[in-house]
Amino acid sequence: MSFIPFLVLIALITCCVAVFGSATLDGASQVSLLVASAVSVLVGHFSKQLTWESLEREITAKVASCTPAIIILLLIGAIGGTWMVSGIVPTMIYYGMQMIRPEVFLVSSSLLCALVSLMIGSSWTTVATIGVALMGIGKAHGFDDGWIAGSIITGAYFGDKLSPLSDTTVLASSVSGTPLFTHIRYMLYTTVPTFCISLTVFLIAGLTMNVSGHGNVAEFMDGLQRTFVISPWLLIVPVLTGVMIARRWPSMVVLFMAILLAAVVGLFVQPELVHTISGMSGVSGTSGNTLLASYKGMMQVCYGSTSIETGVPMLNELVHTSGMGGMMPTVWLIICAQTFGGALTATGQLQDLMRMVLRAVKGTVSLVASTVGTAIFCNIALSDQYLSIMLSSQMFRDAYLKRGCESRLLSRTCEDGATVTSVLVPWNTCGLTQSTVLGVATLTYLPFCFFNYLSPLTSIIASRFVKGGAK
């Protein structure tokens with residue numbers, strides 16, 4: 001009975017992909033999740049005699065739990081617009097095209113994202129800032145979107161996973177009862193080799209790939225100079241953002257301050273561009289009209305879609321931003337996905353399936369493999385990496401204790417299975433966010449996220465040499 005909602009969801013999603021294609025996430029997937037949620041509720045009501053009030057409370061709590069993620073998504077939409085129009089991202093692209101050679105671009109972008117993510121502890125912020133700039137550099141050099149996004153995501157999630165500032169790292173260590181730095185040191189055994197393999201692939205690909213876009217670099221640089229004021233002083237905003245993060249300011253506060261700083265810079269450095277976006281660039285006369293145009297233009301940059309004409313079609317697409325409004329389909333999908341996860345948890349259907357998994361566990365390797373599989377399954381079913389980490393840890397903690405396995409093995413396995421694979425699921429909050437921010441479909445970059453899908457395999461292989469995982 002517990003399989004029924006999943007079967008319904010799989011059938012509906014399959015039909016949606018066949019009918020709507022790449023537009024599936026525009027609404028069809030959301031409706032499918034709600035239908036599957038209704039099926040889950042009906043099954044729970046009739047098979048376990050659960051009341052609607054108890055089901056509603058659990059579903060409401062699950063939807064409420066994603067509120068911080070939704071707010072961060074909206075702020076990321078605004079930061080994408082303000083950092084672009086203020087000239088911050090164009091400046092990063094401009095100087096990056098001069099500094100990074102095409103042959104080592106893929107490996108360089110991955111290493112750069114890894115360093116930034118390790119320092120700030122956030123893959124989302126890394127991708128939304130330096131990742132967007134690297135997408136522009138890679139496109140100028142003629143690389144395919146999948147390769148560029150794959151290298152960015154590989155580095156961002158490597159750094160996120162090992163950073164003591166990362167919320168997922170802290171969560172995995174805390175729910176498993178493992179000291180934070182013990183957890184981080186133990187992850188090095190699986191994370192570093194997997195990252196080295198990924199870098200090797202990117203290096204070989206960059207050296208052997210016949211990219212055809214070298215001529216785009218000069219055209220892109222010329223278009224950026226014509227449209228934006230390019231200055232190294234604009235990089236002060238990213239530096240200040242990094243300082244705020246290093247001082248462990250809350251994520252929402254950091255993102256809001258980064259938006260505010262970029263908006264102020266944009267009004268002073270790129271006033272004509274802001275007025276053009278407002279549609280009032282032809283208005284002349286009093287200073288009141290100028291202030292009104294500045295206010296209207298910057299508000300539109302934060303919440304709405306902005307199209308900037310650079311004279312270069314490919315560059316126009318790159319500097320186009322969607323603001324907070326561009327995140328609304330993602331927010332819609334997150335709410336529907338959380339509704340489905342809440343229904344599964346409230347009816348006990350998810351727990352029923354997990355008990356079946358535990359009965360098949362024989363030794364350490366199968367225990368780790370089951371944990372990894374469960375984490376990936378939760379990423380798919382619940383569409384949230386935090387829920388995946390928490391449920392996997394809670395469900396398998398007693399099993400690890402009974403077999404004399406260390407808690408650090410559980411915490412590492414949960415991270416290897418949950419954190420890095422969340423971005424590979426199109427309807428997961430991470431997959432949705434990164435594909436929206438980078439403008440690359442999840443299934444387009446998935447084959448090139450070598451670190452993300454090799455990490456679970458490395459975790460299972462490494463468990464073979466743990467000598468039973470005994471303390």
Side-chain angles (χ1 to χ4, degrees), residues 17 22 25 93 96 100-118 123-124 126-162 190-214 216 314 317-318 376 379-380 385 416-459:
V17 172
S22 60
L25 297 180
I93 295 174
I100 302 178
R101 293 177 56 83
E103 294 80 6
V104 295
F105 168 76
L106 293 176
V107 69
S108 298
S109 64
S110 194
L111 285 169
L112 182 58
C113 288
L115 178 62
V116 172
S117 188
L118 184 64
S123 57
W124 285 25
T126 300
V127 172
T129 52
I130 189 66
V132 174
L134 288 169
M135 280 298 299
I137 299 170
K139 287 184 177 182
H141 286 308
F143 287 97
D144 290 336
D145 289 354
W147 277 103
I148 305 170
S151 66
I152 293 168
I153 290 171
T154 289
Y157 277 79
F158 168 81
D160 184 302
K161 192 178 174 188
L162 293 180
T190 57
T191 303
V192 172
T194 308
F195 188 56
C196 289
I197 293 172
S198 303
L199 291 179
T200 302
V201 174
F202 287 131
L203 179 60
I204 295 173
L207 293 174
T208 58
M209 197 176 295
N210 183 23
V211 291
S212 58
H214 297 285
N216 292 333
M314 287 182 62
E317 182 180 347
L318 174 64
I376 296 174
N379 267 332
I380 296 172
Q385 62 176 344
D416 287 339
T419 302
V420 297
T421 61
S422 58
V423 72
L424 305 179
V425 181
W427 53 85
N428 190 284
T429 52
C430 292
L432 285 166
T433 300
Q434 311 308 7
S435 62
T436 302
V437 170
L438 295 176
V440 182
T442 307
L443 297 181
T444 299
Y445 66 64
L446 187 152
F448 308 102
C449 296
F450 306 105
F451 172 77
N452 300 74
Y453 59 74
L454 288 177
S455 288
L457 297 176
T458 306
S459 187

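- Looking at T190 and S455, their side chains never come closer than 4.5 Å, going by heavy atoms from C-beta outward.
- Contact of the N379 side chain with the I376 side chain is not registered, since no non-hydrogen atoms from C-beta on lie closer than 4.5 Å.
- The two residues P447 and L443 have their closest heavy-atom pair at CD-O, 3.5 Å.
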Give the intermediate values and the outcome of side-chain contact (heavy atoms from CB on, under 4.5 Å) for residues K161 and F451.
CA-CA 11 Å; K161 192 178 174 188; F451 172 77; 4.3 Å; yes

Taking it one step at a time, do F448 and D144 satisfy side-chain contact (heavy atoms from CB on, under 4.5 Å)?
CA-CA 11 Å; F448 308 102; D144 290 336; over 6 Å; no

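- Smallest separation of non-hydrogen atoms from S117 and G155: CB-O, 4.3 Å.
- Here the closest heavy-atom approach between residue T442 and residue P426 is recorded as OG1-CA, 3.7 Å.
- Here L111 pairs with V107, F195, L199 under the side-chain contact (heavy atoms from CB on, under 4.5 Å) rule; sequence neighbours left out.
- The line from CD1 of I148 to CE of M135 is 4.5 Å long, rounded to the nearest 0.5 Å.
- Under the rule for a side chain to side chain donor-acceptor pair (under 3.5 Å), S198 has no partner lying at least two apart in sequence or in another chain.
- With rounding to the nearest 0.5 Å, the separation of CG in N452 from CG in L424 is 5.0 Å.
- Ring geometry, F202 versus W147: the interplanar angle exceeds 60°, so the pair is classed perpendicular (tilted spans 30 to 60°).
- Scanning for side-chain contact (heavy atoms from CB on, under 4.5 Å) contacts around I197 gives L454, with sequence neighbours left out.
- Side chains of L203 and L106 form no contact here, defined as non-hydrogen atoms less than 4.5 Å apart.
- Annotation: side chain of T433 is not in contact with side chain of V423 (no heavy-atom distance under 4.5 Å).
- Every side-chain contact (heavy atoms from CB on, under 4.5 Å) that L162 has, sequence neighbours left out, goes to L118, F158, I184, M187, L188, T191.
- Residues satisfying the side-chain contact (heavy atoms from CB on, under 4.5 Å) test with S459, not counting sequence neighbours, are V368, V372, T413, D416.
- Side-chain contact between I152 and V127 is present, with at least one heavy-atom pair separated by less than 4.5 Å.
- You'll find the side chain of Y445 reaches within 4.5 Å of the side chain of I153, heavy atoms only.
- Judged by distance alone, with hydrogens and angles left aside, the side-chain atoms of S435 form a donor-acceptor pair with the main-chain N or O of G431 at under 3.5 Å.
- Between P456 and T421, the shortest heavy-atom contact is CG-CG2, 3.6 Å.
- Counting only residues at least two apart or in different chains, side chain to side chain donor-acceptor pair (under 3.5 Å) contacts with residues 148-159 comprise S109-S151, Y157-Q434.
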